[in-house]
Amino acid sequence: MTTPQQGPGLVITPRGMVGRTGRYEKRLADLGGLFADEAAFTARLATEADRVIYHVDEFRPSTEAGDLITGISTLSPGRVGAEFHMTRGHIHAQQDRTEIYHCLAGHGLMLMETLDGRTVVTELRPGVVAYVPPVHIHRSVNLGDTDLVTLFCYPADAGQDYGIIARSGGMRHRAVADGDGWRLEENRSYVAR
Ligand SMILES: O=P(O)(O)OC[C@H]1O[C@H](O)[C@H](O)[C@@H](O)[C@@H]1O
Ligand SMILES: [Fe+2]
């Protein structure tokens with residue numbers, strides 16, 4: 001008889017993740033070119049270049065097909081000019097790989113886009129699950145004044161392709177402040193792919 005072995009376990013709370021295998025952070029200085037208002041970005045860089053805008057804690061058992069990566073993404077509140085804090089965004093390198101995001105805290109958007117430039121959004125509030133279908137570019141946007149915290153899960157062999165957004169001059173729509181609320185506006189730098 002073989003001795004039972006204890007498998008990996010995770011403890012996930014809105015404040016963090018115990019049992020993670022990795023973490024990465026994106027600081028303001030890493031986000032050049034993302035926001036429309038370059039003057040506002042440069043002004044903030046002067047004092048906040050090292051400020052962490054978002055970080056991801058994850059449990060990545062492997063990068064093999066069949067495995068799953070689970071993690072928590074924490075996106076700070078704030079704006080660059082009128083535009084809300086957001087992640088860089090990507091499409092999966094294997095484009096048909098999907099992803100689930102479950103909002104744990106805060107208020108935001110899962111901003112998605114098809115290859116032919118159709119925008120799809122899911123507004124995130126605690127408890128909302130956003131599904132990223134196959135072949136959808138996706139990024140998170142924080143519309144609130146507290147951290148946007150999401151639990152995500154996606155296939156371990158998905159990978160991330162950032163070039164798809166860079167080549168089209170960003171995503172088609174930007175999330176900007178509108179009075180006390182928000183709206184989507186056309187990204188003037190967008191080039192159809
Ligand atoms: O990859 P970014 O656009 O920088 O976003 C950061 C992260 O967001 C998500 O939560 C994904 O599931 C991560 O795999 C991703 O890397
Ligand atoms: Fe993803």
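Note that this is a predicted model, so its numbers are computed, not measured. Every number for a ligand or one of its atoms is a count from 1 in the order of the listing.
- Atom 2 (P) of ligand 1 has Tyr24 OH, 3.4 Å as its closest protein atom, hydrogens excluded (heavy atom only).
- At a heavy-atom cutoff of 4.0 Å, ligand 1 is contacted by no atom of Lys26, backbone or side chain.
- Counting atoms of ligand 1 from 1 in the listed order, those under 4.0 Å from a heavy atom of Val56 are 6 (C), 7 (C).
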Practice task
I would like to know whether Tyr162 and Gln160 meet side chain to side chain donor-acceptor pair (under 3.5 Å); could you show each step before the answer?
Solution key: CA-CA 6 Å; Tyr162 297 97; Gln160 281 89 11; 4.6 Å; no

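- For Arg139, no heavy-atom contact with ligand 1 is shorter than 4.0 Å.
- Scanning the protein heavy atoms around atom 12 (O) of ligand 1, the nearest turns out to be Glu99 OE2, 2.3 Å.
- At a threshold of 4.0 Å, the pair Arg23-Glu58 does not count as salt-bridged, since none of the basic side-chain nitrogens sits closer than that to a carboxylate oxygen.
- Heavy atoms only, all atoms of each residue included: Leu104 and Pro126 are closest at O-CB, 3.8 Å.
- When only interatomic distances are considered, the shortest N/O to N/O separation between Gly89 and ligand 1 falls below 3.5 Å.
- Between Glu83 and Arg174 there is a salt bridge, since at least one side-chain N of the basic residue sits less than 4.0 Å from a carboxylate O of the acidic one.
- Of all N/O/S atoms in His90, NE2 sits nearest the Fe ion (ligand 2).
- Annotation for ligand 1: atoms under 4.0 Å from non-hydrogen atoms of Tyr154 are 12 (O), 14 (O).
- Side-chain contact annotation: Arg172 with Thr119, donor-acceptor N/O pair under 3.5 Å absent.
- Closest to atom 4 (O) of ligand 1, if we only count protein heavy atoms, is Tyr54 OH, 2.5 Å.
- At the shortest separation from atom 10 (O) of ligand 1 among protein heavy atoms lies Phe152 CD2, 3.1 Å.
- Atom 9 (C) of ligand 1 has as its closest protein heavy atom Tyr101 OH, 3.2 Å.
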Exercise for the section: For the pair Ile164 and Leu115, evaluate side chain to side chain contact (heavy atoms under 4.5 Å, CB included) and give the outcome as yes or no after the intermediate values. Expected result: CA-CA 9 Å; Ile164 193 144; Leu115 293 180; 3.5 Å; yes

Problem - Derivation and outcome, side chain to side chain contact (heavy atoms under 4.5 Å, CB included), residues Arg193 and Glu113 - result: CA-CA 12 Å; Arg193 57 183 78 78; Glu113 185 179 307; 3.0 Å; yes

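- Val149 and Leu124 fall into different hydrophobic clusters, defined by Ile, Leu, Val, Met, Phe, Trp and Tyr side-chain heavy atoms under 4.5 Å apart, directly or through other members.
- Among heteroatoms of the N, O or S kind in Glu99, OE1 lies nearest the Fe ion (ligand 2).
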Problem - Verdict with reasoning, Ser140 to Met110, per side chain to side chain contact (heavy atoms under 4.5 Å, CB included) - result: CA-CA 5 Å; Ser140 307; Met110 184 54 55; 3.4 Å; yes

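- Atom 1 (O) of ligand 1 has as its closest protein heavy atom Tyr162 OH, 2.5 Å.
- The option with the heavy atom closest to atom 15 (C) of ligand 1, from among Arg60, His90, Met110, is His90.
- If you look at His138 and ask which of its N, O or S atoms sits nearest the Fe ion (ligand 2), the answer is NE2.
- Using cut-offs of 30° and 60° on the angle between ring planes, the pair Tyr101 and Phe152 is tilted.
- For ligand 1, the atoms sitting less than 4.0 Å from at least one non-hydrogen atom of Ser73 are 10 (O), numbered in the order shown with element in parentheses.
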